[in-house]
Amino acid sequence: MPRRTATMLASTLILIALFCAGLLIKVPYSEMSPGPTVNTLGEARGEPVLRITGRKTYPTSGHLNMTTVRVTGADYRMNLGEAVWGWLAHDSVVVPHDTLYPDGKTEEQSTQENAEEFSQSQESAKVAALKELDIPVATQVVVSTVVKGSPSEGKLHAGDVIKAVDGTAVKEPGDVAELVTKHKPGEDVTFTIVPADEAAAAEKAGRVPEGGRKITLTTEKAPATEQGGEEEEDRAIVGIRAGTDHTFPFEIDIKLADVGGPSAGLMFSLGIIDKLTPSNLTGGKFVAGTGTIDDAGKVGPIGGINMKLVGARDEGARYFLTPDDNCAAAASDTPDGLTLVRVKTLDDARKSLEQISAGKTDALPSCSAG
């Protein structure tokens, strides 16, 4: 066989071997890519994303798009070829698998966690929006979870409103633990609660649940701590976690399927504000954005910022509301035609939208790569 032919044959066989290896060798990486964007002022699957009843609303125009990131599943393992292709592609990012699914988290666990975060972000978005508009929101302390096998199991339930502990009114979740731990393990503690079903009926009617019934629980010793491994003999518990719930003066319904995580909070809040105010926040412009939000209106950072920028630009966005802590990463690789707008609070975002609507974009707070 001529040397040239042999060399070509050997090269071909090597390429085939490398190609097969690329398909067969699994690597511990996952891929992130731009996900769909949804206009919070519009519809998704034929239904309004935001529906407000019991309060006057106003027409809106333009876009206030929330953005998402698409990721490979927890149980999916990329092969070497896919990883290399992802590294070379501009509109995707390949990251270590444990970055997206730490501690061996399954896809089901991740989905559940994202659903819970999404639900909480909706609640905070509503609270922040109404506070921004000076609309009163009633806050109450509730039972968030009940530990199985604890003194509270069967007596307290998730959603029960905690009005008082030992006759002392509670205003914050931390008040519950503080009052319970005044007891020694084995002592009785009395909760005044409004059952979850009665509280839900009151909330639907737009009022704060009143009254309450007394339930006496016998405290028990706190379990061994992870740090010391010794029982905290002086700390009494009843086996619940307290949280907060809100009663809104009218109904705000957010519907968006197949989306998880907390990063849409800012855009939901802005959508609510736009619908509840006569001024058109966007002025018909196409604005997208991202960011978590808390009850006080503080905007927090999110993951996958560069993928969200690409997704927004591809949908037609001209402006992107960017959490302050994500600004440097976003500015380092901004898609052409997209203007980044730095925001720290919901009020910042609202004022920036007013500037965009008025065409006064030169004074917009910007992001820098430094």
Side-chain angles (χ1 to χ4, degrees), residues 116-117 119-132 134-228 231-249 262 265 292-298 300:
E116 291 172 358
E117 290 179 339
S119 178
Q120 181 56 52
S121 76
Q122 293 180 42
E123 189 81 358
S124 293
K126 297 174 188 177
V127 175
L130 297 195
K131 286 185 176 181
E132 177 70 14
D134 294 324
I135 298 174
V137 177
T139 301
Q140 54 203 13
V141 179
V142 298
V143 177
S144 291
T145 56
V146 178
V147 177
K148 188 175 182 179
S150 71
S152 294
E153 185 179 18
K155 295 184 176 181
L156 297 181
H157 305 86
D160 288 347
V161 176
I162 305 172
K163 305 289 283 187
V165 176
D166 290 332
T168 301
V170 296
K171 297 181 179 179
E172 302 288 342
D175 296 343
V176 178
E178 182 179 343
L179 291 165
V180 169
T181 54
K182 287 184 176 181
H183 291 272
K184 292 181 180 180
E187 294 182 348
D188 288 344
V189 58
T190 301
F191 279 68
T192 304
I193 65 106
V194 176
D197 55 348
E198 295 180 19
E203 182 175 352
K204 189 173 183 180
R207 58 181 177 81
V208 177
E210 298 177 354
R213 63 184 65 173
K214 289 182 170 57
I215 294 178
T216 299
L217 304 169
T218 302
T219 62
E220 67 179 10
K221 188 184 300 183
T225 63
E226 294 181 3
Q227 293 83 3
E231 293 180 340
E232 299 179 55
E233 296 183 1
D234 294 330
R235 190 162 72 89
I237 62 170
V238 293
I240 66 165
R241 178 176 295 173
T244 56
D245 193 18
H246 304 90
T247 299
F248 299 102
T292 65
I293 200 154
D294 64 15
D295 291 357
K298 182 181 178 181

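Bear in mind the structure is a predicted one, so any value in this text is a computation, not a measurement.
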Dump the intermediate steps for side-chain contact (heavy atoms from CB on, under 4.5 Å) on D175 and V165, then the final yes or no.
CA-CA 9 Å; D175 296 343; V165 176; over 6 Å; no
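- Within 6.0 Å of CD on E172 lie no more than 12 heavy atoms contributed by other residues, nucleotides or ligands.
- Counting all heavy atoms, side chain and backbone alike, A242 lies closest to P173 at O-CB, 3.7 Å.
- In terms of heavy atoms, L217 sits closest to P151 at CD2-O, 3.5 Å.
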Kindly indicate, with the supporting measurements, whether the criterion side-chain contact (heavy atoms from CB on, under 4.5 Å) is fulfilled by H183 and D166.
CA-CA 11 Å; H183 291 272; D166 290 332; 2.6 Å; yes
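- Residues T244 and Q140 have side chains not in contact (no heavy-atom distance under 4.5 Å, counting atoms from C-beta outward).
- Within the 4.5 Å cutoff, no side-chain heavy atoms of K171 are placed close to those of V141.
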Apply side-chain contact (heavy atoms from CB on, under 4.5 Å) to residues V147 and E153 and explain how you reach the verdict.
CA-CA 7 Å; V147 177; E153 185 179 18; over 6 Å; no
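- Within the 4.5 Å cutoff, no side-chain heavy atoms of D295 are placed close to those of E123.
- Here the side chains of L130 and P249 are in contact, with some heavy-atom distance below 4.5 Å.
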Could you check L156 against I215 for side-chain contact (heavy atoms from CB on, under 4.5 Å), going step by step and ending with a plain yes or no?
CA-CA 8 Å; L156 297 181; I215 294 178; 4.1 Å; yes
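- Nearest heavy-atom pair, P136 versus D134, reported as atom, atom and distance to 0.1 Å: CD-O, 3.7 Å.
- Looking at heavy atoms from C-beta onward, F191 lies in side-chain contact with I240 at the 4.5 angstrom threshold.
- For the pair R213/P195, a side-chain contact is recorded, criterion being any heavy-atom separation below 4.5 Å from C-beta on.
- Here CD1 of I193 is found 11.0 Å from NZ of K163. Values are rounded to the nearest 0.5 Å.
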